[in-house]
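The structure under discussion appears below in the form of structure tokens.
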2 protein chains.
Amino acid sequence: MKNKIQLTVDAVVFGYESGNISVLLVKRKYEPYKDGWALPGGFVFENENLEEAVQRELLEETGVRINYLEQLYTFGDLGRDPRGRVISVAYFGLVKPNAFKLQASTDAKKAEWFNIKKLPKLAFDHKKILKIAIERLQGKITYEPIGFELLDKKFPFSDLEKLYTTLLNREIDRRNFKKKITSLKVLDELDEKVSIGPGRPASLFSFNKKRYFQLKKEGIIFEI
Amino acid sequence: MKNKIQLTVDAVVFGYESGNISVLLVKRKYEPYKDGWALPGGFVFENENLEEAVQRELLEETGVRINYLEQLYTFGDLGRDPRGRVISVAYFGLVKPNAFKLQASTDAKKAEWFNIKKLPKLAFDHKKILKIAIERLQGKITYEPIGFELLDKKFPFSDLEKLYTTLLNREIDRRNFKKKITSLKVLDELDEKVSIGPGRPASLFSFNKKRYFQLKKEGIIFEI
DNA sequence: CATTATATGCGTATAACACACACAAATATA
DNA sequence: TATATTTGTGTGTGTTATACGCATATAATG
């Protein structure tokens, strides 16, 4: 029995910057969907693990390097790829966009961040993949701490608040929010303040890395 | 580029019966791992969706038919299959064991339920797959209602309680548990009682199907 | 320099929920 | 008819969630 099923990986990489959630897309250099926008990704080599494959493709096509990508879902419907039967294992990651200089090569003409509210038409079934990834991203904040990968090393509390309001897409009460975050003991308050524009200067915080990953492992129940 | 990666699906089917959680395994008819126990599953045909493939394999190898299997995870590590590079998409399902007569055929010599605490040695990386499936099963009950697929149509409340104590592997307070379940409005109390053995006869309940699937969709926060 | 706008930072009161806990009711069995 | 066994309910207490008001520290404005 000759196997004609092919395997790809795709990466859904979210970035966050001052109230905007963006996703990393590439412009395809070759058919099918030539010049169309798609999630970075490509065929898995026979001698590499899935995680290695998705990291390699991401680096090749966008210049972004992430050492932790979480598996999202596997898409295998008939007809999802005009080249034939192609199954894709989708991965999921979070980064600070400004930490990378985008650089396209191999199969990609260009790599770019897109605000998730202003997406172009996407190749293959990538719209569906992205939809599921966004749901996962929003769901995550109720059972995991979030922000470490998305915020600067030092940040005012309002940055974290803004991240949550952006992800939740609604206002939250800062006082109660602060109480909850404080009770998690996941933030270290620094002896430093910033003052950008009008208003009282803000203390800077950083994530307590150890505690952060402990909570991530244990899971939290966190309804805002 | 010749593609040598092959794609399989595997099914982790859990059954529950009076305090026992079991999983459905098959005895392999062919090499590799001939006569070894493994999760039901096999190669995906080129012209079928992943869900169709896993349902077909499950039916062929065990006689069990499930129309809803949830995708669990995709396993693709190098060396997980001695036949070469084989990726497996694992699925996850819940049934009442007594609803089926097990019947092995095609690649399976035999199909059998195993108590998850008394598992035989498993082929491939199926031990790892099963471990992840069990974690998922236990995790599920904190964010989804559970039981509809596992209990009889009509059941005494103690059956539901027993299911939870079994899954959680600890005692729960029946009064508080009842309060929570009641507040979810997911059970309909029937005008019927059963009396098995000594003790006060128990009212029978059934799941309110509509409400059950609504909660499943919305998600619940349910710490026992 | 005084006033205003803007953002941060803290505390308290009330409602909802979680959790601990004890005893009555209805049957089978001896 | 007494005993064992199982079902079935209610209340108090502590913790957590939610709502809400005001003081503080700066920049911008006139």
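Reminder, nothing fancy here: chain letters follow the sequence lines and each chain counts from 1.
- Interface remark: the A/R200 side chain does form a donor-acceptor pair with the C/dT8 base, using a distance-only criterion of under 3.5 Å.
- The separation between B/R175 atom CZ and C/dC19 atom P is 14 Å, rounded to whole Å.
- Cation-pi geometry between A/K209 and A/F148 is not met: the NZ or CZ atom fails to fall both under 6.0 Å from the ring centre and inside 45° of the normal.
- A/K178 forms a cation-pi arrangement with A/F157, by the criterion of a distance under 6.0 Å to the ring centre and an angle within 45° of the ring axis.
- Between the C1' atom of D/dT9 and the CG atom of B/D173 lies a distance of 12 Å, rounded to the nearest Å.
- At least one donor-acceptor pair closer than 3.5 Å links the side chain of B/Y16 to the backbone N or O of B/G19.
- Using a 4.0 Å cut-off on heavy atoms, the residues of residues 153-171 of chain A that approach DNA chain C are A/S158, listed by number.
- Summary of helix geometry: the two end axes of the helix from C/dC1-D/dG30 to C/dA30-D/dT1, each defined by five base pairs via their C1' atoms, are inclined to each other by 0° (rounded to 10°).
- Ion pair A/D35/A/K110 not flagged as a salt bridge, since none of the NZ, NE, NH1 or NH2 atoms sits closer than 4.0 Å to an Asp/Glu carboxylate oxygen.
- No salt bridge links A/E135 with A/K128; every basic N to acidic carboxylate O contact stays at or beyond 4.0 Å.
- Residue A/K179 is in base contact, counting any heavy-atom pair closer than 4.0 Å across all strands shown.
- Checked against a 6.0 Å centroid threshold, the rings of B/F75 and B/F124 do not count as neighbours.
- Distances shorter than 4.0 Å separate some side-chain N or O of A/S203 from OP1 or OP2 on C/dG9.
- Remark: B/R80 pairs with B/D125 by the salt bridge (charged side-chain N to carboxylate O under 4.0 Å, His left out) rule, at least two apart or across chains.
- Salt bridge A/E60/A/R56: present, at least one basic N to carboxylate O contact under 4.0 Å.
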